[in-house]
4 protein chains.
Amino acid sequence: MPVKNAMIRIVEHVAKTIEKLDDSQLDQMVSSIENSEKIFLMGAGRSGLVGRAFAMRLVQLGLTAYVIGESVTPAMTKNDLLIAISGSGETDSVVNAAKTAKGVGSKVLAVTSYPDSSLGKISDHVVVVEGRTKIDIEKDHLKHQIEGTHSSLTPLGTLFEDTVMIFLDGIIARLMTHLKTGEMDMKRRHATLE
Amino acid sequence: MPVKNAMIRIVEHVAKTIEKLDDSQLDQMVSSIENSEKIFLMGAGRSGLVGRAFAMRLVQLGLTAYVIGESVTPAMTKNDLLIAISGSGETDSVVNAAKTAKGVGSKVLAVTSYPDSSLGKISDHVVVVEGRTKIDIEKDHLKHQIEGTHSSLTPLGTLFEDTVMIFLDGIIARLMTHLKTGEMDMKRRHATLE
Amino acid sequence: MPVKNAMIRIVEHVAKTIEKLDDSQLDQMVSSIENSEKIFLMGAGRSGLVGRAFAMRLVQLGLTAYVIGESVTPAMTKNDLLIAISGSGETDSVVNAAKTAKGVGSKVLAVTSYPDSSLGKISDHVVVVEGRTKIDIEKDHLKHQIEGTHSSLTPLGTLFEDTVMIFLDGIIARLMTHLKTGEMDMKRRHATLE
Amino acid sequence: MPVKNAMIRIVEHVAKTIEKLDDSQLDQMVSSIENSEKIFLMGAGRSGLVGRAFAMRLVQLGLTAYVIGESVTPAMTKNDLLIAISGSGETDSVVNAAKTAKGVGSKVLAVTSYPDSSLGKISDHVVVVEGRTKIDIEKDHLKHQIEGTHSSLTPLGTLFEDTVMIFLDGIIARLMTHLKTGEMDMKRRHATLE
């Protein structure tokens, strides 16, 4: 049954990734968020949606968060943090955004599978989250041409995106503890209309 | 040349509407915006886009504005204002949003062609902006069936939407004066990334 | 370490949910998608983002999908399917959308934790995905008041939203097999600009 | 009364712009739209919102239109047209998008005040729509520093954005005639849910 097989594969990938997460990178991410005036989220495609889901929770925690591309997003300053999400770390629009953010003195934290990518290199901080990114896909494609093996149950950036979704919810759990914010506080700040 | 004819028709409609705007309604709108903690914008379809364009300028003026449906939109309180845009004043999602906003004690200001509409009736304040709304369209359709006359150069809500776009930019001009906000202040607050 | 604890809790919840998924509901969902002309996605807040992530993949599979609230979303007809996502099945905007869709003869499939909810009752098909929904939160809140126990590591709809994200990626895996669509086909259809 | 003064200034600007529009550029734009398989809209900030409002009408005309950044936007091919909107023609994200579109063989049509801008130069076709763009603002700023004159009633890109909104509605009027599409056809294709 491909539905359940794919779900199991995703769950196993997330479970494996949890072990590999670097505690010092997590500490760095949490303290960067807590010490920034405003937090901006940026990602292309599904990574962007995962960033939005995180921004919603940050707002419910009482923090000031914005999503690049939404209407009410203000100017960035040197007291702010851009969290840039890209599996490959090579997505043009995300790399360009990170450069612009650096140009105005904002800090940049990359969530990526490739710390040595263009995005990773220009970021102040990197959190490595493993996934099967677009680069892997090309390898699989080559393998497919040579061996005729079937392609993935978790196409394109699926593993990265789903893992980052859960990872960012983990960050929320820690921020709740740090900020002593209960769930009822979050519900109270939840959008009245959505 | 239909392009220019349609543009002329729109410009004439806006010009005519300027004369009909009620000064006391404009005063009310400006003071409601200035006296609210947060301003929320809501509209369906193209009216929603016009509301977003207004929200961007409010943020650049240093005010706190949000758009219903975007990620970072927080809870509404009794110190807030919902600006609900609907030509007919009968758009379900907008009327429902206005009811919910009233339910949490927020003020509601309607921008509509029909002050006696469902939206107009439940709103605290109404600014009437004329347009050829969905209700007119049905009359035109009937006329078309009877007389075979050709349909509009400015289909559906076009006249309302374009007029409201310009009207809201007029409100921005007045807020700039009131708040003593210059264009350079607005540029400084303009989104770094968009 | 709350980050990893929360992630483990989410992973365990998803793993448990996989076992509880009803195969006949999954079959029904896949065949509904394959037999519909257009597929519309609807959800409020983070459930809406998860729906968008699914819509992106449907487009990459060569299917015709739209998201309620985006600019290019067309009219719905009796040959179409609305997939409505709501943990509680009581989110006003989603229930109203489902009613409107039924009104024009479109089919509605609910993804919800509560088959007996308002949404579940008016839908043609229901897929039950467990989560800790807003209703559970109120119970937890009561418990918190009585026993003073600490609130969740996975606040509000987190478990539902993350589980549905992975569940919908499972549906994609099955559609890939059914439609004989390889990953390279999906990459080819991937947005050039995003 | 600044509200009405600003509205009058906008209306006068649009009226003046109508006269300056180049008929052959309009012909080119209409035929490019009609001869393309898919039409993609791109703009940053308020120009992007104006592009979305146009995309909605294109869909209602029965054409296939997408907005860059929305979920269901597919790959671009050599049979497609990107309409890129930028007053200055120098907005990074828009210029980059235009380059990427050219790279996959798609046609690019620029709507800009500056045909010699970076965007104008790489585009296949240009429609010049006058506005007071970001470049003018810098001149005004200098003037303000020297002479202390007051800043604009129509800050930043307001004149360009409002004029393009109306201009694109003019293009819709012409497409209605060409495609023999009545308003009732458009209403029929209007989003059921929005």
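Each chain gets a letter, A, B and so on, in the order the sequences are listed, and its residues count up from 1.
Put simply, the side chain of R189(B) does not reach to within 4.5 Å of the side chain of P74(A), judged on heavy atoms.
Both the backbone and the side chain of V72(A) have a heavy atom closer than 4.5 Å to some heavy atom of chain B. Within the 4.5 angstrom heavy-atom criterion, no atom of R57(A) approaches chain B. Interface residue V67(A): backbone and side-chain heavy atoms are both found under 4.5 Å from chain B.
In terms of heavy-atom pairs under 4.5 Å with chain B, the best-connected choice from A55(A), S106(A), G69(A), A97(A) is A97(A). With chain B as partner, the option from R188(A), E70(A), R52(A), M42(A) having the largest number of non-hydrogen pairs under 4.5 angstrom is E70(A).
For CG of D185(A), the number of neighbouring non-hydrogen atoms (other residues, nucleotides, ligands) closer than 6.0 Å is greater than 12. When the shell of 6.0 Å around CG of D92(A) is examined, it contains 12 or fewer heavy atoms from other residues, nucleotides or ligands.
Atom CD1 of residue I68(B) and atom OG1 of residue T192(A) lie 7.5 Å apart, to the nearest 0.5 angstrom. Here the straight-line distance linking atom CG of L193(A) with atom CG of N96(B) works out to 9.5 Å at 0.5 Å rounding.
Side-chain N/O atoms of E194(A) and T73(B) include no donor and acceptor closer than 3.5 Å.
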